[in-house]
Asks: 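Below is the structure I would like to discuss, written out as structure tokens.
Because the structure is predicted, anything quoted here is derived from the model rather than measured.
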Amino acid sequence: MNAIEKLEQDGEKVAIRKAKWKLCLGVLLALLGFAVLLAGAILDVQDTWGIVGLLAGFFACDIAGLSLMIKALPGLALSDINRIDQKYGECELTQLHGMKKYEAAQILRSHKFKYDDSGYYRRKKFSFLKDSVSYYVKILDSSNMEKTIRNEWNYLDKQFQNGKSTCLILMIYSDEPTEQNTQLLRNAGMVQIADNMVLDMYASKTILVVGVDPVTGIGRYLDIGKGHHLYLYKYGCNMLKKLFG
């Protein structure tokens, strides 16, 4: 770790500590506001100026508390993202078999995915928690997985802006060295997990990247793990296991 990275980490730690202090102080001020009202009720304050003072104290404490809690949100989000990084940063990728191109296409069709001219296999599936989820699966070759992921995400971001729950499963067949793509696949998963769990848990779209060895047909991706049923990324993981697990 170089000096710049250490300074950035130290800065993040300070920001997180400040955010936690702001949150605690904000909660205490909010509670103090309610305590002021409760004290007025217990003491049976009835004169006009006394009531005005109690209300002023209540609103002052609650507004100040709420302001501090809002200011704490970026630091708390950073803390949550760090926890995700620690949890998934060294996590082994999940492997699935039987994902050679022809086999994968056959499996998708057998599960009622319909192929369209844009290159996607599509299926809309009912969900109790999301009303319905539209799954888009794309099978493609790539000599530069990082560039492919970026291009497909940009396409997804532009095409699907209607607020409906959309999950893109990107199956990339690449001859690049496995070691070279391992961290790339892990990072791609962590970005989406952080987006779902921290930045926007009600996100309307997500992308799940699967790196597939075209010779062995073994696919690898970052699984979100048990629980997390509210998140779209989890839906993608479940669909992958249903198809190829």
Side-chain angles (χ1 to χ4, degrees), residues 12 77-99 104 107-108 120-121 125 127 129-130 133-157 159-160 165-214 216-245:
E12 287 181 358
L78 179 61
S79 176
D80 289 337
I81 290 172
N82 283 347
R83 279 200 293 271
I84 289 172
D85 186 60
Q86 290 173 3
K87 179 178 179 180
Y88 295 102
E90 300 297 330
C91 186
E92 290 293 326
L93 298 177
T94 298
Q95 291 191 358
L96 294 172
H97 298 263
M99 296 185 73
I107 289 171
L108 288 168
Y120 290 96
Y121 289 87
K125 197 170 186 300
S127 163
L129 296 177
K130 297 285 185 185
V133 177
S134 295
Y135 294 94
Y136 292 77
V137 182
K138 191 167 189 179
I139 298 174
L140 69 165
D141 296 307
S142 174
S143 58
N144 188 329
M145 189 181 289
E146 183 176 6
K147 183 179 179 180
T148 300
I149 294 170
R150 184 170 59 251
N151 290 342
E152 290 298 324
W153 174 249
N154 289 337
Y155 176 80
L156 176 72
D157 202 34
Q159 289 295 115
F160 305 106
S165 297
T166 304
C167 179
L168 170 60
I169 298 174
L170 196 59
M171 295 168 53
I172 303 177
Y173 292 75
S174 175
D175 290 321
E176 293 177 282
T178 299
E179 297 78 11
Q180 180 177 324
N181 289 331
T182 297
Q183 193 58 44
L184 179 60
L185 290 168
R186 188 181 289 118
N187 289 343
M190 285 196 296
V191 167
Q192 294 302 306
I193 291 171
D195 185 57
N196 278 210
M197 295 179 67
V198 180
L199 303 178
D200 185 7
M201 67 175 292
Y202 300 107
S204 62
K205 55 196 172 194
T206 194
I207 182 171
L208 197 163
V209 183
V210 188
V212 187
D213 186 320
T216 64
I218 296 176
R220 302 182 305 138
Y221 71 101
L222 183 65
D223 196 327
I224 196 172
K226 295 181 180 179
H228 312 302
H229 299 293
L230 289 174
Y231 308 124
L232 266 177
Y233 192 88
K234 177 67 174 182
Y235 282 75
C237 293
N238 288 343
M239 178 57 73
L240 264 180
K241 292 173 184 175
K242 182 178 180 180
L243 293 170
F244 304 104

Asks: Quick one: list whatever passes side chain to side chain donor-acceptor pair (under 3.5 Å) with T216, sequence neighbours left out.
Replies: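 T216 satisfies side chain to side chain donor-acceptor pair (under 3.5 Å) with no residue once adjacent residues are dropped.
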
Asks: Can you list everything that forms a side chain to side chain donor-acceptor pair (under 3.5 Å) with S174? Sequence neighbours excluded, please.
Replies: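 Once residues adjacent in sequence are excluded, the partners of S174 under the side chain to side chain donor-acceptor pair (under 3.5 Å) criterion are E176.
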
Asks: If you measure from CG on N238 to OH on Y135, what distance do you get to the nearest 0.5 Å?
Replies: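 Output value for this atom pair is 7.0 Å.
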
Asks: Which pairs count as salt bridge (charged side-chain N to carboxylate O under 4.0 Å, His left out) when at least one residue sits in residues 142-154, sequence neighbours excluded?
Replies: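 Those involving residues 142-154 are K138-E152.
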
Asks: Listed by chain and number, what are the salt bridge (charged side-chain N to carboxylate O under 4.0 Å, His left out) partners of K125, not counting sequence neighbours?
Replies: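 K125: no salt bridge (charged side-chain N to carboxylate O under 4.0 Å, His left out) contacts found.
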
Asks: Do Y136 and K205 have side chains that approach each other closer than 4.5 Å (heavy atoms only, starting at C-beta)?
Replies: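 With C-beta onward as the side chain, the pair stays apart.
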
Asks: Just checking N154: does its CG atom have more than 12 heavy atoms from other residues, nucleotides or ligands closer to it than 6.0 angstrom?
Replies: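 Result for CG/N154: enclosed.
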
Asks: Only counting residues at least two apart or in another chain, list the ones meeting salt bridge (charged side-chain N to carboxylate O under 4.0 Å, His left out) with D223.
Replies: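 Partners of D223 by the salt bridge (charged side-chain N to carboxylate O under 4.0 Å, His left out) criterion, ordered by chain and then number, come out as K241.
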
Asks: Partners of D141 by side chain to side chain contact (heavy atoms under 4.5 Å, CB included), sequence neighbours excluded?
Replies: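 D141 satisfies side chain to side chain contact (heavy atoms under 4.5 Å, CB included) with K101, Y173 once adjacent residues are dropped.
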
Asks: According to ring-ring contact (aromatic ring centres under 6.0 Å, His included), who are the partners of Y121, at least two apart in sequence or on a separate chain?
Replies: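 With neighbours one apart ignored, the set is Y115.
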
Asks: Under the 3.5 angstrom rule, does the side chain of R186 hit a backbone N or O of L222 as a donor-acceptor pair?
Replies: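 It does not hold such a pair.
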
Asks: Under the rule for side chain to side chain donor-acceptor pair (under 3.5 Å), what residues qualify as partners of S134, not counting sequence neighbours?
Replies: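 Testing S134 for side chain to side chain donor-acceptor pair (under 3.5 Å), a comparison that skips the adjacent residues, returns none.
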
Asks: Who pairs with A188 by side chain to side chain contact (heavy atoms under 4.5 Å, CB included), at least two apart in sequence or on another chain?
Replies: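 Once residues adjacent in sequence are excluded, the partners of A188 under the side chain to side chain contact (heavy atoms under 4.5 Å, CB included) criterion are I149, V209.
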
Asks: Taking atom CZ of F244 and atom CE of M99, what is their separation to the nearest 0.5 Å?
Replies: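 Separation between the atoms: 4.5 Å.
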
Asks: As an exercise, state the distance from CG of L208 to CG of L240, rounded to the nearest 0.5 Å.
Replies: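 Reported to 0.5 Å precision, the distance equals 5.5 Å.
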
